[in-house]
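The structure is given below, and queries will be raised subsequently.
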Amino acid sequence: MSADANAAECAQGQNYTMLQAFEWYSEGNGVHWNKLAKQTDELASFGITAMWLPPPTKAAGQDSVGYDIYDLYDLGEFDQKGGQRTKYGTKGELLQLIKKAKERGIVTYIDAVLNHRFGADRTEKFGVVEVDDNDREKEVSGRYDIKGWTGLTFPGRKDQYSKFKWNFNHFTGVDYNDKNGKTAIYRIQGDGKNWAQGVDDENNNYDYLMGADIDYSHPEAREDVLNWGKWVIKETGASGFRFDAVKHIDSRFIGDFVKSVRAETDKPKMFAVGEFWKDSLEDLEKYLDSLGTQFSVFDAPLHYNFKEAGDRGNDFDMRAIWDGTVVQRRPIDAVTLVDNHDTQVGQALESWVSPSFKPLAYSLILLRPDGYPCVFYGDLYGTAGENPQEPVTQLGDIIRARKLYAYGEVRDYWDHMNCVGWVRMGEGDKDGCAVVLCNGSGEGTKRMEVGQHRANEKWTDVLGWSQGEVVIGENGWADFRCPAGSVSIWVKQDAKGRDEFSKACA
């Protein structure tokens, strides 16, 4: 479905590549939308065809990353929660970014934070029971009244776009009692009210995550958020969604949301990907099967395989890199990635893939046909924060190699635990490539066939990490090499697009 969605929105005849267009410490003060707009030319030249934008919706604080969502209908337009803009800029700047990106052949996806709300405008009194943090179905108190932050009236927006006001009836739980300052998990009481089903079974029910947890069994809450989905696509011209924290939201609602937007906008093949962050192929498949419509998920198990491979070095068998992954089992539903804003250094889910392994990991997701690869902004441009990380060396060139050469039949040579390779045979006017990866302590060599029609051609490494040239034999075979713990991407010396690579590759 990602291919169908991209084909409907993007230029034809090119591999599709997504960019997560932010990192946790992306600069605030309202500059990010304009910064991205200035980067669209460079991103398009690399081969980026889609950008997953950070949450454009108003958060509880003006310089919040955006996941403490306050008002879905305020995209940086109204004076709320500290000002008009969000961390990233104003609504006008967002719309200009989306327009400019589309002109450069890059579509955009909205980060939809639909699980909870923060920054309520008033407290309310309502009945609750406390539940065990490790077993959300286990009550640890009787019913009593608390004062919670559940009244959202959006006074700065003055009913524009939506007149709906939220109160405690529209939520299933909160974690703070303003009456006595106690923090706990409080399940809100009401006729037929309970935690959502169709969520992850961690803690016996993982509906509650943070803030005021939305109750999508309530028809008013459900209707307002379904309306927002259609409104934001039409209002911005975006092409799809990345859904935050979907393992905490009833899967039936997410399925209905996607079906609703596809049916009632001009995007019947709209792209949708969810963050169900769990190292369990079984649970990810179960979730995908529950939605009743095509949907993609980020391949968390693949990320953890990359993490293990980087940590273990040459003790890791590269032939096992795809084991237990979504891309291996359900490639059409897999968004492949190396790292993201949650796994980066300094974050709660920190599991940063070894920088030395990242060129190999990105070659694996970018230069093979399966999955929809997502490049992390922090890997392309570096991360900030207290422990900043450098960009991945020549990542732009690896993306560019995908754009130019990763086409056609795949011929695999996965016959050694520390050195693997494959050939993309090319198709039409697209030249192919030969890729060699080595996680060993010595240079890797792989004998591979590129076809007799290429006999006597001279091939070189577009990254410039392997020096010299390889001459294709009369039988179409040649020995391709790469440095220890590295990767080389070999194409014919005069292949179309060679002039696009960095001078280090010349």
Side-chain angles (χ1 to χ4, degrees), residues 20-28 32 52-55 57 59-70 86-88 111-119 131-136 149 173-176 183-186 195 199-214 242-249 273-280 283-284 287 297-308 310-311 335 337-355 358 361 374-379 382-389:
Q20 178 184 347
F22 66 104
E23 54 107 0
W24 192 264
Y25 304 106
S26 290
E27 186 176 358
H32 195 63
W52 150 26
L53 302 179
T57 42
Q62 193 175 30
D63 282 307
S64 160
V65 175
Y67 294 102
D68 53 341
I69 177 74
Y70 168 65
T86 67
K87 173 181 178 175
Y88 308 105
D111 198 330
V113 186
L114 306 183
N115 178 69
H116 50 259
R117 292 297 173 95
F118 278 85
V131 300
D132 190 302
D133 192 32
N134 298 311
D135 182 353
R136 307 296 173 75
W149 289 93
V174 295
D175 63 358
Y176 182 72
T183 297
I185 299 179
Y186 303 97
W195 299 129
V199 297
D200 189 43
D201 59 7
E202 187 176 344
N203 301 323
N204 208 13
N205 179 295
Y206 215 172
D207 180 20
Y208 188 83
L209 177 65
M210 62 177 74
D213 186 78
I214 296 175
R242 177 265 185 188
F243 293 91
D244 182 57
V246 293
K247 71 179 182 179
H248 307 283
I249 304 172
V273 59
E275 178 221 12
F276 192 111
W277 198 256
K278 193 171 187 180
D279 188 10
S280 169
D283 286 342
L284 287 163
Y287 180 76
V297 291
F298 292 100
D299 198 343
L302 179 63
H303 160 78
Y304 287 110
N305 284 1
F306 287 154
K307 169 65 173 165
E308 181 185 358
D311 290 348
V335 172
L337 77 163
V338 178
D339 267 312
N340 64 23
H341 64 294
D342 286 323
T343 66
Q344 74 178 90
V345 175
Q347 291 309 297
L349 297 177
E350 179 181 332
S351 57
W352 193 240
V353 173
S354 171
K358 284 195 171 183
C374 181
V375 175
F376 180 41
Y377 189 92
D379 284 333
T383 68
E386 294 182 0
N387 190 355
Q389 302 295 305

For the CD1 atom of Ile185 and the CE atom of Met210, what is their distance to the nearest 0.5 Å? 11.5 Å
So, for Val273 and Phe298, which heavy atoms are closest and what is the spacing to 0.1 Å? CG2-CE1, 3.7 Å
Would a 4.5 Å heavy-atom cut-off, applied to side chains only, mark Thr343 and Ser351 as touching? yes
Report the C-alpha separation of Lys278 and Asp201 in whole Å, then their side-chain angles, then the decisive distance to 0.1 Å, and conclude whether the salt bridge (Lys or Arg N to Asp or Glu O under 4.0 Å) test is met. CA-CA 11 Å; Lys278 193 171 187 180; Asp201 59 7; 3.8 Å; yes
Residue pair Trp24 / Thr383, side-chain heavy-atom distance below 4.5 Å: no
I'd like to know if the side chain of Glu23 reaches the main chain of Phe376, judged simply by a donor and an acceptor atom lying under 3.5 Å from each other, with no hydrogens or angles considered. no
So which atom in Pro55 and which in Val65 form the shortest heavy-atom distance, rounded to 0.1 Å? CD-O, 3.8 Å
CG/Asp213 to CG/Asp207 distance, rounded to the nearest 0.5 angstrom? 4.0 Å
Note: Cys374 and Trp52 closest approach over all heavy atoms is SG-CE3, 4.1 Å
Interatomic spacing from OG in Ser64 to OH in Tyr70 - rounded to 0.5 Å: 14.0 Å
So how far is it from Phe276 CZ to His248 NE2, rounded to the nearest 0.5 Å? 8.5 Å
Note, Tyr206 side chain near Trp195 side chain (heavy atom, < 4.5 Å): no
Please report the closest heavy-atom contact between Pro54 and Ala21, naming both atoms and the distance. CD-O, 4.2 Å
Any donor-acceptor N or O pair under 3.5 Å, side chains Asp175, Tyr208: yes
Shortest non-hydrogen contact from Gly385 to Pro388? O-CD, 3.4 Å
Looking only at side-chain N and O atoms, does Gln389 offer a donor or acceptor that is under 3.5 Å from a partner on Gln344? no
Take Arg242 and Gln20, measure what side chain to side chain contact (heavy atoms under 4.5 Å, CB included) needs, and give me the verdict at the end. CA-CA 10 Å; Arg242 177 265 185 188; Gln20 178 184 347; over 6 Å; no
Heavy-atom closest pair, residues Pro301 and Asp279: CA-OD1, 3.3 Å
Contact between Asp111 and Phe22 at the side-chain level, heavy atoms closer than 4.5 Å - yes or no? yes
Rounded to the nearest 0.5 Å, what's the gap from CH2 on Trp277 to CG on Leu284? Could you check? 9.5 Å
Within a strict 4.5 Å, meaning less than it, do heavy atoms of the His303 and Asn340 side chains meet? no
Please check: side-chain N/O of Glu275 versus main-chain N/O of Asp244, any donor-acceptor pairing under 3.5 Å? no
Would you please test Asp200 and Asp283 for side chain to side chain contact (heavy atoms under 4.5 Å, CB included) and show each step? CA-CA 8 Å; Asp200 189 43; Asp283 286 342; 4.2 Å; yes
Could you check whether Tyr67 and His341 have their ring centres less than 6.0 Å apart? yes
Give, for atom CG of Leu302 and atom NZ of Lys307, the distance between the pair rounded to the nearest 0.5 Å. 14.5 Å
Would you please say whether a donor-acceptor pair under 3.5 Å links the side chains of Trp352 and Asp339? no
